[in-house]
2 protein chains.
Amino acid sequence: MPWEKSFDEELALEKAMEVFWSRGFDSASIAELIAQTGINRGSLYNAFGGKQPLFVRTLLKYDRERRKTLLAELEALDDPRRAICEFFDKIVSSTVADTDRKGCFLFNTVSESGVHDAEVNEIVANGLRELEGFFRRSIEVGQARGDIRKDIDPAPRASALLALALAIRVLGRGPYAETALRAIADEASNLIA
Amino acid sequence: MPWEKSFDEELALEKAMEVFWSRGFDSASIAELIAQTGINRGSLYNAFGGKQPLFVRTLLKYDRERRKTLLAELEALDDPRRAICEFFDKIVSSTVADTDRKGCFLFNTVSESGVHDAEVNEIVANGLRELEGFFRRSIEVGQARGDIRKDIDPAPRASALLALALAIRVLGRGPYAETALRAIADEASNLIA
DNA sequence: AACAGTTTATACCGAACGGTCAATACAATG
DNA sequence: CATTGTATTGACCGTTCGGTATAAACTGTT
């Protein structure tokens, strides 16, 4: 039997993810992916099949290792109101700490919807659905426990929270600094007062 | 004196604007700009100087002819509460009617902040500032007239409204359909109840 | 008719793009 | 040690990119 792979595939995916994350699909060049992953051009095509399949792999990795785990952590708090507030606290902190202004990989990909195929768009759509579901469930449970006002309609309010989260991430890539982002996050918290 | 310009510069700008608007700066190719404007390659460089100066021209045109005029119209209503509600009604309608999913040129450019120079980013930042200013003024005047609850802090609430507007436009380019967008718009209206 | 200024059309530039491929290096098997 | 089959490598492919250059066509003035 022959040789086994010599480079760490998961590590290469991590590096590739950062490239797509900060540059988007179109603007990320193969040359940059090669430079950042450290693996050779041919190896990249051999291991991942090309730019698009590699993008899908990194997007799935992000969705699994960042979005899903974050939401799982917050749900584990078993304190819906606090979970939502911490969510917004966290994305503001991440955005401010994100010196190269990558934003959120999923939200970035939403803005790029036009250039992606159905598979990618479905990954993104599913991520948004689950985030919105987290908000809705949190509101409902919070209401049942008396921590959140009963006159709030959970579904549309969950949509609004997702919208604010997206905006914080997008505006954070651009001209908005911490104070302004924090103000939006606070308004989000007010929405589940 | 010689010949006058034969093509309509303003019309060419309009066409070029649509290209940048839907594709963004990077993904818009000179070939497509030529095809859509109908003017020749050499003429384009002669008349506008190149891709980047042309982009700036179209962005300024958008800012002047769409954002500024829309806000002026709404302020002319002299009914702050209704102005805000109509704003959100309008962006949902535009987004739904926008079959090629261009979104909002200014908001799109925010997501692209990384690829643009200071001049472009300042045009965008100024647009956002003025939109936020419109929201803040509307809230303040509405409060003074007793149409909007006094316990609302105008500045952060204005930021939140801008955030919701941005999200509606971005999500509308992707997986969100009219009902979901309308839900977010309704939440925005609730914010100035 | 000569001229001036502009638009057109087309050819061309070097660079970067995504992607392919044949040669080589290599570890496990016989 | 020879064989086997994959991993690696760097050269190479055709295409497209933004931008330039040149020459011809055209219209108004002089």
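Just so you know, these numbers use all the heavy atoms, side chains as well, and skip hydrogens, waters and symmetry mates. Per chain, numbering begins at 1; letters A, B, ... match sequence-line order.
Each of dC17(D), dG18(C), dG19(D) was ranked by its minimum atom distance to the side chain of K51(A); first place goes to dG18(C).
Summarising the geometry, the separation between CZ on F55(B) and P on dG18(D) is reported as 14 Å, rounded to the nearest angstrom. Regarding F48(A), its CZ atom lies at a distance of 12 Å from the P atom of dA7(D), rounded to whole Å.
Remark: aromatic rings of F55(A) and F105(A) are close, center separation under 6.0 Å.
Under a 4.0 Å N-O distance rule, the pair D89(B)/R182(B) qualifies as a salt bridge. A salt bridge is absent between R136(A) and E132(A); no separation between the charged side-chain nitrogens and carboxylate oxygens falls under 4.0 Å. Under a 4.0 Å N-O distance rule, the pair R81(A)/E86(A) does not qualify as a salt bridge. Salt bridge annotation for K68(B)-E130(B): absent, with no cationic side-chain nitrogen under 4.0 angstrom from a carboxylate oxygen. Between D78(A) and R145(A), at least one side-chain N (NZ, or NE/NH1/NH2) sits under 4.0 Å from a carboxylate O, which counts as a salt bridge.
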Expected list for residues 13-21 of chain B: side-chain donor-acceptor pairs under 3.5 angstrom, two or more places apart:
from	atom 1	to	atom 2	distance (Å)
E14(B)	OE2	R66(B)	NH2	2.6
W21(B)	NE1	G103(B)	O	2.9

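Residues from residues 30-45 of chain B placing a heavy atom under 4.0 Å of any atom in DNA chain D, listed by number, are I30(B), R41(B), Y45(B).
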Dump the pairs, protein N or O against N or O of nucleotides 22-24 of chain D, anything under 3.5 Å, distances to one decimal.
none

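Residues G49(A) and S27(A) each lie close to DNA chain C; by heavy-atom proximity, the contact nearer the 5' end of the strand is made by S27(A).
Taking a 6.0 Å sphere around CZ of R23(B), one finds it holds 12 or fewer heavy atoms contributed by other residues, nucleotides or ligands.
Distances shown here put a side-chain N or O of S29(A) below 4.0 Å from the OP1 or OP2 atom of dC17(C).
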